[in-house]
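These notes concern the structure reproduced below.
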Amino acid sequence: MKKIYGSASEALEDVLRDGMLIAAGGFGLCGIPELLLSAIRDAGTKDLTFASNNAGVDDFGIGILLQTRQVRKMISSYVGENAEFMRQYLSGELELEFNPQGTLAERMRAGGCGIPGFYTKTGVGTVIAEGKEHKDFGGETYILEEGIFADLSIVKAWKADETGNLVFRKTARNFNPPAAMCGRICVAEVEEIVPLGTLDPDSIHLPGIYVHRLIKGTHEKRIEQRTTRAA
């Protein structure tokens with residue numbers, strides 16, 4: 001199977017369609033699949049639902065698709081750094097499904113493992129639990145959360161080998177592996193592609209069985225919140 005493509009637009013050429021559900025990796029501004037997001041913007045695909053920890057900032061990450069009104073709904077756990085996100089939500093232009101952070105990660109992982117749902121105590125007694133099935137186990141109340149089965153996963157890794165085995169760096173590992181797992185098609189952008197056998201098997205964070213397409217690119221290294229003090 002051909003896995004390595006020449007560009008983000010080439011890797012997504014026959015995948016994108018209006019109204020699809022996309023799981024996107026990234027945590028804050030770490031590990032954002034920025035090249036793939038730019039390609040989605042340029043393709044003009046619309047009415048999208050994104051499952052992602054956050055929406056980046058106004059001009060980076062999913063924020064660039066909010067600017068072009070290509071996103072219909074966000075399934076997220078944190079939205080505090082994006083003014084356009086807030087404006088669209090408060091004006092009723094954007095649908096939002098809030099998830100506790102751990103619940104969102106587990107919904108992605110569950111989808112990747114073929115698990116349609118699971119029970120958790122997180123969110124019981126809050127607005128998160130409204131409309132969800134409740135069940136008692138051992139005298140404790142749990143709510144049912146559904147696994148996420150995305151049409152497409154887009155993730156960003158540090159290294160890959162030619163078969164798609166991925167290695168992530170530090171914070172970028174938080175949401176990228178479960179996001180990659182839950183997509184019917186997974187496209188990964190990486191900083192480096194190394195020959196098969198180069199990666200230590202014990203250091204691989206995501207097996208290549210989950211990854212269908214790869215691109216290599218140059219990435220921007222942004223700092224989300226820069227805090228300085230006088231010398």
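Numbers for residues simply follow the sequence, beginning at 1.
Within a 6.0 Å radius of NZ in Lys2, other residues, nucleotides and ligands contribute more than 12 heavy atoms. For NZ of Lys73, the number of neighbouring non-hydrogen atoms (other residues, nucleotides, ligands) closer than 6.0 Å is greater than 12. The neighbour count for Glu13 CD, taken as heavy atoms of other residues, nucleotides or ligands under 6.0 Å away, does not exceed 12. Atom CD1 of Ile209 has 12 or fewer neighbouring heavy atoms from other residues, nucleotides or ligands inside a 6.0 Å radius. At most 12 heavy atoms of other shown residues, nucleotides or ligands fall within 6.0 angstrom of atom CD in Glu146. Around the NZ atom of Lys132, the shell of radius 6.0 Å holds more than 12 heavy atoms that belong to other residues, nucleotides or ligands. In this structure, Tyr89 places its OH atom where only 12 or fewer heavy-atom neighbours from other residues, nucleotides or ligands lie under 6.0 Å away.
Side-chain atoms of Asp161 never come within 3.5 Å of backbone atoms of Ile193 as a donor-acceptor pair (strictly under, hydrogens ignored). At distances below 3.5 Å, at least one donor-acceptor pair connects side-chain atoms of His205 with backbone N or O atoms of Phe168.
Residues Ser76 and Asn54 have side chains that never bring a donor and an acceptor to within less than 3.5 angstrom of each other. Between Thr45 and Arg17, the side chains place no donor N or O within less than 3.5 Å of an acceptor N or O (distance only, hydrogens not considered). No side-chain donor-acceptor contact under 3.5 Å links Tyr119 and Glu145. For the 3.5 Å distance criterion, the side chains of Ser77 and Asn53 qualify, holding a donor opposite an acceptor.
Atom-to-atom distance recorded for Glu220:CD and Leu29:CG is 9.0 Å, nearest 0.5 angstrom. Distance CZ/Phe149 to CG/Leu21: 11.0 Å, rounded to 0.5 Å. Thr103 OG1 to Ile128 CD1: the interatomic distance, rounded to the nearest 0.5 Å, is 8.0 Å. Put simply, CG on Leu48 and CD1 on Ile40 are 6.5 Å apart, with the number rounded to the nearest 0.5 Å. Note that CG of Asn82 and CG of Asp58 are 4.5 Å apart. Values are rounded to the nearest 0.5 Å.
Heavy-atom minimum distance, Phe175 versus Gln101: CZ-O, 3.6 Å. Closest approach of Ile215 and Tyr5 over heavy atoms only: CG2-O, 3.8 Å. When all heavy atoms of Leu36 and Glu189 are compared, the closest pair comes out as N-OE1, 2.8 Å. The two atoms that bring Ala39 and Ser9 nearest to each other are CB-N, 3.9 Å, heavy atoms only.
Linking ILVMFWY side-chain heavy atoms closer than 4.5 Å, directly or via other members, places Val15 and Leu214 in two distinct hydrophobic clusters. There is no path of hydrophobic side-chain contacts, each under 4.5 Å, that joins Val194 to Val211. Leu12 is connected to Ile22 through a chain of hydrophobic side-chain contacts under 4.5 Å among Ile, Leu, Val, Met, Phe, Trp and Tyr, so both are in one cluster.
In this structure, Glu140 pairs ionically with Lys121, as a charged nitrogen and a carboxylate oxygen lie closer than 4.0 Å. Using a cutoff of 4.0 Å between basic side-chain nitrogens and carboxylate oxygens, Arg69 and Glu93 are scored as salt-bridged.
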Requested in this report: Quick one: do Leu206 and Met181 satisfy side-chain contact (heavy atoms from CB on, under 4.5 Å)? Show the steps, please.
Outcome: CA-CA 8 Å; Leu206 186 77; Met181 292 172 65; 3.8 Å; yes
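With contacts defined as side-chain heavy-atom distances shorter than 4.5 Å, the pair His219/Glu34 qualifies.
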